[in-house]
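Order of listing sets the numbers, starting from 1, for every ligand and every atom in it. Since the model is a prediction, treat every value here as computed from it, not as a measurement. Atom set for the values below is all heavy atoms of this structure, side chains included, hydrogens, waters and symmetry mates excluded.
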Amino acid sequence: MKTKKNIWLGFHNKSRSERIKILKENSFLNDEFSENLLNNVTLPCDIAEKISENNIGTLALPLGIAPNFLINGEKYTVPMVIEEPSVIAACSYAAKMISSSGGFYAEILNRKMTGQVILYNIENIEKAFENVLNYKEIILNTANEAYPSIVKRGGGAEDIRAEIFYDDNTSFLSVYLTVDVKEAMGANIINSMLEGIKSLLEKITGGICLMTILSNYADKSLVTSSCEIDIKFLSNDINVAVNIAKKIELASKFAKIDIYRAATHNKGIFNGIDAVVIAVGNDWRAIEAGGHAYAASSGKYKGLTTWTFDEKNLKLKGMLTLPMPIASVGGSIGLNPSVKAAFNILKNPDAKTLACIIVSVGLAQNLAALKALVTKGIQKGHMKLQAKSLALSVGAIGSEVEILAQKLTEAKHINLENAKKLLKEIRKKLRKIE
Ligand code: MEV
(Lines give C-alpha, C1' and ligand atoms only; values in the text may rest on other atoms or scores of the structure.)
Protein backbone atom coordinates (compact mmCIF):
# COMPACT_ATOMS: atom_id res chain seq x y z
CA MET A 1 0.00 0.00 0.00
CA LYS A 2 1.26 3.48 -0.91
CA THR A 3 1.69 5.68 2.17
CA LYS A 4 0.39 9.25 1.88
CA LYS A 5 3.12 11.92 1.75
CA ASN A 6 3.28 14.20 4.79
CA ILE A 7 2.81 17.58 3.11
CA TRP A 8 3.81 19.46 6.27
CA LEU A 9 7.28 17.92 6.40
CA GLY A 10 9.75 20.78 5.84
CA PHE A 11 6.83 23.16 5.15
CA HIS A 12 8.46 25.92 7.22
CA ASN A 13 11.60 25.79 5.06
CA LYS A 14 9.71 26.37 1.82
CA SER A 15 9.21 29.75 0.17
CA ARG A 16 5.92 31.59 0.69
CA SER A 17 4.76 30.83 -2.85
CA GLU A 18 5.65 27.14 -2.47
CA ARG A 19 3.60 27.01 0.74
CA ILE A 20 0.60 28.54 -1.01
CA LYS A 21 1.04 26.04 -3.87
CA ILE A 22 1.02 23.14 -1.39
CA LEU A 23 -2.17 24.46 0.21
CA LYS A 24 -3.80 24.79 -3.22
CA GLU A 25 -2.68 21.36 -4.44
CA ASN A 26 -4.05 19.78 -1.29
CA SER A 27 -7.44 21.53 -1.54
CA PHE A 28 -6.91 23.90 1.40
CA LEU A 29 -7.21 26.86 -0.97
CA ASN A 30 -9.20 27.41 -4.13
CA ASP A 31 -7.82 29.22 -7.20
CA GLU A 32 -9.23 32.61 -6.22
CA PHE A 33 -7.79 32.66 -2.70
CA SER A 34 -4.42 31.17 -3.62
CA GLU A 35 -4.09 33.91 -6.28
CA ASN A 36 -5.09 36.54 -3.70
CA LEU A 37 -2.52 35.25 -1.21
CA LEU A 38 0.22 35.06 -3.85
CA ASN A 39 -0.42 38.69 -4.77
CA ASN A 40 -0.92 39.68 -1.14
CA VAL A 41 -4.40 41.09 -1.85
CA THR A 42 -5.68 42.43 1.46
CA LEU A 43 -8.46 44.73 2.64
CA PRO A 44 -8.98 47.36 -0.11
CA CYS A 45 -8.80 50.98 1.08
CA ASP A 46 -12.23 51.85 -0.34
CA ILE A 47 -13.73 49.18 1.94
CA ALA A 48 -11.52 50.11 4.90
CA GLU A 49 -12.78 53.66 4.71
CA LYS A 50 -16.38 52.50 4.73
CA ILE A 51 -16.07 50.30 7.83
CA SER A 52 -14.26 52.70 10.18
CA GLU A 53 -13.72 56.42 10.46
CA ASN A 54 -10.98 58.91 9.51
CA ASN A 55 -9.31 56.14 7.53
CA ILE A 56 -5.79 56.74 6.20
CA GLY A 57 -4.77 53.21 5.22
CA THR A 58 -4.57 49.60 6.44
CA LEU A 59 -2.08 47.85 8.72
CA ALA A 60 -0.71 44.45 7.72
CA LEU A 61 0.19 41.60 10.09
CA PRO A 62 1.73 38.21 9.29
CA LEU A 63 -0.74 35.46 8.37
CA GLY A 64 0.49 31.89 8.87
CA ILE A 65 -0.97 28.42 9.30
CA ALA A 66 -0.79 25.83 12.06
CA PRO A 67 -1.40 22.37 10.61
CA ASN A 68 -1.86 19.09 12.52
CA PHE A 69 -5.19 19.74 14.23
CA LEU A 70 -7.45 16.70 14.63
CA ILE A 71 -10.68 17.89 16.26
CA ASN A 72 -13.66 15.57 16.75
CA GLY A 73 -12.16 13.25 14.12
CA GLU A 74 -11.75 16.01 11.46
CA LYS A 75 -8.38 17.34 10.30
CA TYR A 76 -7.86 21.11 10.22
CA THR A 77 -5.16 23.53 9.18
CA VAL A 78 -5.64 26.69 11.17
CA PRO A 79 -4.89 30.21 9.88
CA MET A 80 -3.32 32.51 12.50
CA VAL A 81 -2.57 36.23 12.36
CA ILE A 82 0.17 37.18 14.80
CA GLU A 83 3.30 39.29 14.94
CA GLU A 84 4.90 37.40 17.88
CA PRO A 85 7.63 34.92 16.94
CA SER A 86 7.26 31.24 17.96
CA VAL A 87 3.49 31.25 18.54
CA ILE A 88 2.52 29.44 15.33
CA ALA A 89 5.45 26.98 15.52
CA ALA A 90 4.64 26.17 19.16
CA CYS A 91 0.94 25.78 18.42
CA SER A 92 1.42 23.32 15.56
CA TYR A 93 4.02 21.39 17.57
CA ALA A 94 1.55 20.92 20.44
CA ALA A 95 -1.33 20.19 18.05
CA LYS A 96 0.76 17.42 16.48
CA MET A 97 1.41 15.85 19.91
CA ILE A 98 -2.29 16.00 20.75
CA SER A 99 -3.45 14.80 17.35
CA SER A 100 -1.01 11.86 17.46
CA SER A 101 -2.68 10.89 20.75
CA GLY A 102 -6.22 10.78 19.32
CA GLY A 103 -6.84 14.50 18.91
CA PHE A 104 -9.04 17.08 20.57
CA TYR A 105 -12.55 16.38 21.69
CA ALA A 106 -14.49 19.63 21.56
CA GLU A 107 -18.03 20.25 22.61
CA ILE A 108 -20.45 23.19 22.44
CA LEU A 109 -22.03 23.41 25.90
CA ASN A 110 -24.53 26.05 24.75
CA ARG A 111 -24.67 28.94 22.27
CA LYS A 112 -26.80 31.82 23.38
CA MET A 113 -25.96 35.49 23.90
CA THR A 114 -27.05 37.75 26.75
CA GLY A 115 -27.89 41.43 26.81
CA GLN A 116 -28.99 43.63 29.68
CA VAL A 117 -31.31 46.54 30.37
CA ILE A 118 -30.18 48.36 33.51
CA LEU A 119 -32.89 50.32 35.35
CA TYR A 120 -32.73 52.64 38.38
CA ASN A 121 -34.89 55.08 40.28
CA ILE A 122 -37.46 52.36 40.96
CA GLU A 123 -39.79 53.01 43.87
CA ASN A 124 -40.58 49.39 44.74
CA ILE A 125 -37.72 47.32 43.39
CA GLU A 126 -38.99 43.93 44.68
CA LYS A 127 -42.35 44.52 43.00
CA ALA A 128 -40.60 45.64 39.79
CA PHE A 129 -38.55 42.43 39.88
CA GLU A 130 -41.75 40.35 40.15
CA ASN A 131 -43.45 42.32 37.37
CA VAL A 132 -40.60 41.62 34.96
CA LEU A 133 -41.02 37.88 35.50
CA ASN A 134 -44.82 38.12 35.23
CA TYR A 135 -44.56 39.96 31.91
CA LYS A 136 -41.91 37.58 30.56
CA GLU A 137 -43.90 36.41 27.49
CA ILE A 138 -44.85 39.96 26.46
CA ILE A 139 -41.23 41.15 26.87
CA LEU A 140 -39.93 38.22 24.78
CA ASN A 141 -42.51 38.88 22.03
CA THR A 142 -41.61 42.58 21.97
CA ALA A 143 -37.90 41.70 21.71
CA ASN A 144 -38.56 39.35 18.79
CA GLU A 145 -40.70 41.96 17.02
CA ALA A 146 -37.67 44.28 17.15
CA TYR A 147 -35.59 41.79 15.08
CA PRO A 148 -37.94 39.48 13.17
CA SER A 149 -35.30 38.16 10.72
CA ILE A 150 -33.49 36.19 13.44
CA VAL A 151 -36.79 34.53 14.37
CA LYS A 152 -37.25 33.57 10.69
CA ARG A 153 -33.77 31.98 10.81
CA GLY A 154 -34.86 29.80 13.73
CA GLY A 155 -33.40 31.94 16.53
CA GLY A 156 -34.66 34.81 18.66
CA ALA A 157 -35.17 35.92 22.26
CA GLU A 158 -35.69 32.92 24.53
CA ASP A 159 -35.49 33.88 28.16
CA ILE A 160 -35.61 36.73 30.66
CA ARG A 161 -34.19 36.94 34.16
CA ALA A 162 -33.64 39.84 36.54
CA GLU A 163 -31.31 40.71 39.41
CA ILE A 164 -31.37 43.47 42.01
CA PHE A 165 -28.13 45.30 42.92
CA TYR A 166 -27.59 47.74 45.76
CA ASP A 167 -24.79 50.30 45.91
CA ASP A 168 -24.77 52.66 48.93
CA ASN A 169 -28.03 54.55 48.44
CA THR A 170 -28.79 53.51 44.85
CA SER A 171 -30.56 50.35 43.76
CA PHE A 172 -30.51 48.90 40.26
CA LEU A 173 -32.58 46.31 38.49
CA SER A 174 -30.74 44.51 35.70
CA VAL A 175 -32.92 42.60 33.25
CA TYR A 176 -31.07 39.95 31.24
CA LEU A 177 -32.31 38.83 27.85
CA THR A 178 -31.03 35.52 26.45
CA VAL A 179 -31.06 35.24 22.66
CA ASP A 180 -30.31 32.49 20.16
CA VAL A 181 -28.31 34.41 17.52
CA LYS A 182 -27.57 31.43 15.24
CA GLU A 183 -24.42 31.96 13.08
CA ALA A 184 -23.97 35.63 14.00
CA MET A 185 -21.96 37.09 16.88
CA GLY A 186 -25.21 38.81 17.77
CA ALA A 187 -24.25 42.31 18.90
CA ASN A 188 -26.63 44.05 16.45
CA ILE A 189 -29.44 41.59 17.04
CA ILE A 190 -29.28 41.88 20.82
CA ASN A 191 -28.75 45.63 20.95
CA SER A 192 -31.78 46.16 18.67
CA MET A 193 -33.90 43.85 20.82
CA LEU A 194 -32.83 45.61 24.03
CA GLU A 195 -33.74 48.99 22.60
CA GLY A 196 -37.04 47.44 21.56
CA ILE A 197 -37.95 46.39 25.13
CA LYS A 198 -36.53 49.44 26.92
CA SER A 199 -39.72 51.55 27.17
CA LEU A 200 -41.84 48.48 28.01
CA LEU A 201 -39.47 47.71 30.91
CA GLU A 202 -39.59 51.32 32.10
CA LYS A 203 -43.38 51.06 32.15
CA ILE A 204 -43.44 47.67 33.91
CA THR A 205 -40.89 48.65 36.57
CA GLY A 206 -41.68 52.36 36.94
CA GLY A 207 -37.93 53.00 36.67
CA ILE A 208 -35.56 54.86 34.35
CA CYS A 209 -33.38 52.99 31.88
CA LEU A 210 -29.68 53.70 32.53
CA MET A 211 -28.50 51.74 29.49
CA THR A 212 -29.17 48.78 27.23
CA ILE A 213 -26.22 46.72 25.95
CA LEU A 214 -25.09 43.24 25.01
CA SER A 215 -22.86 41.56 27.63
CA ASN A 216 -19.45 40.24 26.58
CA TYR A 217 -19.56 37.86 29.53
CA ALA A 218 -20.89 35.17 27.20
CA ASP A 219 -21.41 32.48 29.84
CA LYS A 220 -24.14 30.92 27.72
CA SER A 221 -21.78 30.40 24.78
CA LEU A 222 -19.40 27.98 26.44
CA VAL A 223 -17.16 25.58 24.54
CA THR A 224 -14.92 22.88 26.04
CA SER A 225 -11.96 21.29 24.33
CA SER A 226 -10.14 18.40 25.95
CA CYS A 227 -7.35 15.99 25.08
CA GLU A 228 -5.38 13.03 26.45
CA ILE A 229 -1.72 12.96 25.51
CA ASP A 230 0.29 9.82 25.48
CA ILE A 231 3.27 11.06 27.46
CA LYS A 232 5.74 9.34 25.16
CA PHE A 233 5.20 12.42 22.94
CA LEU A 234 6.59 14.65 25.70
CA SER A 235 9.99 12.93 25.64
CA ASN A 236 11.61 9.76 24.30
CA ASP A 237 12.87 9.05 27.81
CA ILE A 238 9.89 7.83 29.86
CA ASN A 239 11.31 9.12 33.16
CA VAL A 240 11.80 12.57 31.67
CA ALA A 241 8.27 12.41 30.19
CA VAL A 242 6.78 11.54 33.61
CA ASN A 243 8.64 14.45 35.16
CA ILE A 244 7.40 16.88 32.48
CA ALA A 245 3.79 15.65 32.85
CA LYS A 246 3.96 16.12 36.64
CA LYS A 247 5.36 19.63 36.22
CA ILE A 248 2.66 20.59 33.69
CA GLU A 249 0.03 19.47 36.21
CA LEU A 250 1.73 21.60 38.89
CA ALA A 251 1.94 24.57 36.54
CA SER A 252 -1.80 24.35 35.88
CA LYS A 253 -2.50 24.15 39.63
CA PHE A 254 -0.30 27.15 40.36
CA ALA A 255 -2.06 29.24 37.69
CA LYS A 256 -5.30 28.71 39.63
CA ILE A 257 -3.90 30.09 42.88
CA ASP A 258 -1.64 32.99 41.91
CA ILE A 259 -3.05 35.92 39.90
CA TYR A 260 0.40 36.96 38.63
CA ARG A 261 0.90 33.59 37.01
CA ALA A 262 -2.78 33.26 36.00
CA ALA A 263 -2.63 36.42 33.88
CA THR A 264 0.46 35.21 32.00
CA HIS A 265 -0.88 31.66 31.68
CA ASN A 266 -4.08 33.04 30.11
CA LYS A 267 -2.16 35.51 27.93
CA GLY A 268 -0.42 32.49 26.40
CA ILE A 269 -3.79 30.84 25.70
CA PHE A 270 -4.98 34.04 23.99
CA ASN A 271 -1.78 34.17 21.90
CA GLY A 272 -3.37 31.34 19.94
CA ILE A 273 -7.01 32.29 20.30
CA ASP A 274 -6.63 35.94 19.26
CA ALA A 275 -4.51 34.91 16.28
CA VAL A 276 -7.33 32.76 14.89
CA VAL A 277 -10.09 35.18 15.88
CA ILE A 278 -8.30 37.96 13.96
CA ALA A 279 -7.72 35.66 10.96
CA VAL A 280 -11.47 34.93 10.78
CA GLY A 281 -12.40 38.62 11.01
CA ASN A 282 -14.15 38.52 14.37
CA ASP A 283 -14.13 40.99 17.28
CA TRP A 284 -11.18 39.71 19.32
CA ARG A 285 -11.71 42.32 22.05
CA ALA A 286 -15.09 40.71 22.76
CA ILE A 287 -13.57 37.22 22.91
CA GLU A 288 -10.75 38.44 25.21
CA ALA A 289 -13.17 40.27 27.51
CA GLY A 290 -15.44 37.23 27.78
CA GLY A 291 -12.49 34.90 28.40
CA HIS A 292 -10.96 36.99 31.17
CA ALA A 293 -14.36 37.56 32.83
CA TYR A 294 -14.92 33.80 32.73
CA ALA A 295 -11.46 33.29 34.31
CA ALA A 296 -12.76 35.34 37.25
CA SER A 297 -16.23 33.73 37.36
CA SER A 298 -15.52 32.03 40.72
CA GLY A 299 -14.78 35.45 42.26
CA LYS A 300 -11.02 34.91 41.86
CA TYR A 301 -9.08 35.31 38.61
CA LYS A 302 -7.66 31.89 37.65
CA GLY A 303 -5.76 30.11 34.89
CA LEU A 304 -8.25 28.82 32.35
CA THR A 305 -6.81 25.39 31.54
CA THR A 306 -6.66 22.30 33.72
CA TRP A 307 -3.94 19.68 33.20
CA THR A 308 -3.87 16.43 35.19
CA PHE A 309 -1.41 13.59 34.98
CA ASP A 310 -2.86 10.07 35.00
CA GLU A 311 0.26 8.26 36.19
CA LYS A 312 -1.33 4.81 35.95
CA ASN A 313 -2.12 5.15 32.23
CA LEU A 314 0.76 7.53 31.48
CA LYS A 315 -1.61 10.10 30.02
CA LEU A 316 -1.58 13.86 30.43
CA LYS A 317 -5.15 15.16 30.29
CA GLY A 318 -5.96 18.73 29.38
CA MET A 319 -9.14 20.74 29.33
CA LEU A 320 -10.11 24.31 28.44
CA THR A 321 -13.61 25.79 28.75
CA LEU A 322 -14.23 29.29 27.43
CA PRO A 323 -17.02 31.54 26.20
CA MET A 324 -16.62 31.51 22.41
CA PRO A 325 -19.37 33.59 20.79
CA ILE A 326 -17.67 33.51 17.40
CA ALA A 327 -19.44 34.30 14.13
CA SER A 328 -19.08 32.73 10.71
CA VAL A 329 -21.16 35.42 8.99
CA GLY A 330 -21.71 39.17 9.34
CA GLY A 331 -19.46 42.05 10.39
CA SER A 332 -16.47 42.48 8.08
CA ILE A 333 -16.11 38.73 7.45
CA GLY A 334 -17.25 38.86 3.83
CA LEU A 335 -15.43 42.12 3.04
CA ASN A 336 -11.83 41.16 3.72
CA PRO A 337 -10.14 38.90 1.10
CA SER A 338 -7.63 37.55 3.70
CA VAL A 339 -10.49 36.60 6.02
CA LYS A 340 -12.25 34.84 3.16
CA ALA A 341 -9.01 32.94 2.43
CA ALA A 342 -8.81 31.97 6.13
CA PHE A 343 -12.35 30.55 5.98
CA ASN A 344 -11.39 28.67 2.81
CA ILE A 345 -8.36 27.10 4.57
CA LEU A 346 -10.65 26.04 7.44
CA LYS A 347 -13.11 24.53 4.90
CA ASN A 348 -15.80 27.13 5.67
CA PRO A 349 -16.86 25.97 9.13
CA ASP A 350 -20.14 27.01 10.71
CA ALA A 351 -20.00 29.08 13.92
CA LYS A 352 -20.11 26.04 16.24
CA THR A 353 -17.31 24.19 14.44
CA LEU A 354 -15.24 27.38 14.35
CA ALA A 355 -15.73 27.82 18.11
CA CYS A 356 -14.50 24.23 18.69
CA ILE A 357 -11.41 24.88 16.53
CA ILE A 358 -10.54 28.11 18.35
CA VAL A 359 -10.81 26.69 21.88
CA SER A 360 -8.69 23.71 20.76
CA VAL A 361 -6.04 26.15 19.51
CA GLY A 362 -6.05 27.78 22.98
CA LEU A 363 -5.50 24.41 24.63
CA ALA A 364 -2.64 23.51 22.25
CA GLN A 365 -1.00 26.91 22.73
CA ASN A 366 -1.11 26.51 26.50
CA LEU A 367 0.40 23.02 26.34
CA ALA A 368 3.26 24.28 24.18
CA ALA A 369 3.93 27.18 26.57
CA LEU A 370 3.80 25.03 29.72
CA LYS A 371 6.01 22.31 28.24
CA ALA A 372 8.61 24.90 27.25
CA LEU A 373 8.38 26.70 30.60
CA VAL A 374 8.84 23.58 32.76
CA THR A 375 11.71 22.27 30.61
CA LYS A 376 14.13 24.48 28.68
CA GLY A 377 12.32 27.81 29.23
CA ILE A 378 10.93 29.92 26.40
CA GLN A 379 13.92 32.11 25.65
CA LYS A 380 15.84 29.55 23.63
CA GLY A 381 13.00 28.91 21.19
CA HIS A 382 12.16 32.59 21.00
CA MET A 383 15.72 33.70 20.41
CA LYS A 384 16.13 32.56 16.82
CA LEU A 385 13.00 34.33 15.63
CA GLN A 386 13.65 37.35 17.82
CA ALA A 387 17.15 37.52 16.38
CA LYS A 388 15.62 37.54 12.87
CA SER A 389 13.27 40.41 13.78
CA LEU A 390 16.19 42.33 15.29
CA ALA A 391 18.30 41.67 12.18
CA LEU A 392 15.51 43.10 10.01
CA SER A 393 15.05 46.09 12.29
CA VAL A 394 18.72 47.11 12.00
CA GLY A 395 18.43 46.99 8.21
CA ALA A 396 19.80 43.53 7.28
CA ILE A 397 18.66 42.45 3.81
CA GLY A 398 18.75 39.21 1.78
CA SER A 399 21.30 36.66 3.01
CA GLU A 400 22.46 39.12 5.72
CA VAL A 401 19.30 38.35 7.73
CA GLU A 402 20.10 34.65 8.30
CA ILE A 403 23.81 35.30 8.91
CA LEU A 404 23.14 38.08 11.41
CA ALA A 405 20.37 36.11 13.17
CA GLN A 406 22.74 33.15 13.58
CA LYS A 407 25.51 35.40 14.94
CA LEU A 408 23.08 37.07 17.36
CA THR A 409 21.87 33.74 18.80
CA GLU A 410 25.51 32.79 19.40
CA ALA A 411 26.32 36.19 20.94
CA LYS A 412 26.19 36.86 24.68
CA HIS A 413 23.72 39.71 24.34
CA ILE A 414 20.91 40.02 21.80
CA ASN A 415 20.39 43.77 21.60
CA LEU A 416 20.22 46.61 19.11
CA GLU A 417 23.81 47.78 19.70
CA ASN A 418 25.23 44.34 19.15
CA ALA A 419 23.04 43.78 16.08
CA LYS A 420 24.29 47.01 14.45
CA LYS A 421 27.91 46.14 15.23
CA LEU A 422 27.61 42.60 13.90
CA LEU A 423 25.84 43.78 10.73
CA LYS A 424 28.72 46.14 9.99
CA GLU A 425 31.21 43.25 10.41
CA ILE A 426 29.12 40.95 8.19
CA ARG A 427 28.92 43.60 5.45
CA LYS A 428 32.68 44.14 5.58
CA LYS A 429 33.28 40.41 5.20
CA LEU A 430 30.74 40.02 2.39
CA ARG A 431 32.34 42.94 0.52
CA LYS A 432 35.76 41.29 0.81
CA ILE A 433 34.40 38.03 -0.66
CA GLU A 434 32.91 39.94 -3.61
C1 MEV B 1 4.38 34.56 25.85
O2 MEV B 1 3.79 35.34 24.83
C3 MEV B 1 3.37 33.60 26.45
C4 MEV B 1 3.84 32.82 27.68
O5 MEV B 1 4.34 33.73 28.64
C6 MEV B 1 2.65 32.07 28.20
C7 MEV B 1 2.87 31.43 29.54
O8 MEV B 1 3.70 31.89 30.31
O9 MEV B 1 2.14 30.43 29.82
C10 MEV B 1 4.97 31.90 27.33
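Given atom 5 (O) of ligand 1, the protein heavy atom at minimum distance is Thr264 CG2, 3.6 Å. Distance from atom 9 (O) of ligand 1 to its nearest protein heavy atom, with residue and atom name: Arg261 NH2, 2.8 Å.
Using a 4.0 Å cut-off between a side-chain N of Lys or Arg and a carboxylate O of Asp or Glu, Glu249 and Lys253 qualify as a salt bridge. Under the 4.0 Å criterion applied to side-chain N and carboxylate O atoms, Lys24 and Asp31 are assigned as salt-bridge partners.
Listed by atom number, the atoms of ligand 1 under 4.0 Å from Glu84 heavy atoms are 1 (C), 2 (O). Each of the following atoms of ligand 1 lies closer than 4.0 Å to a heavy atom of Leu373: 7 (C), 8 (O), 9 (O). Near His265, meaning under 4.0 Å from one of its heavy atoms, ligand 1 places the atoms 9 (O).
Every N/O-N/O distance between Asn366 and ligand 1 stays at or above 3.5 Å. At least one N or O atom of Lys267 sits closer than 3.5 Å to an N or O atom of ligand 1.
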Notebook entry, point to check: Could you go step by step and tell me if His292 and Phe270 meet the ring-ring contact (aromatic ring centres under 6.0 Å, His included) rule?
Noted result: CA-CA 10 Å; His292 292 293; Phe270 280 99; 4.9 Å; yes
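Annotation for Lys352: atom NZ does not count as buried by contact number, only 12 or fewer foreign heavy atoms lying within 6.0 Å. Annotation: Lys220, atom NZ; neighbour count of heavy atoms from other residues, nucleotides and ligands within 6.0 Å is above 12.
Relative ring orientation between Tyr120 and Phe172 is described as tilted, the plane-to-plane angle lying within the 30° to 60° band.
Of the heavy atoms in Asn271, only side-chain atoms (C-beta onward) come closer than 4.0 Å to ligand 1.
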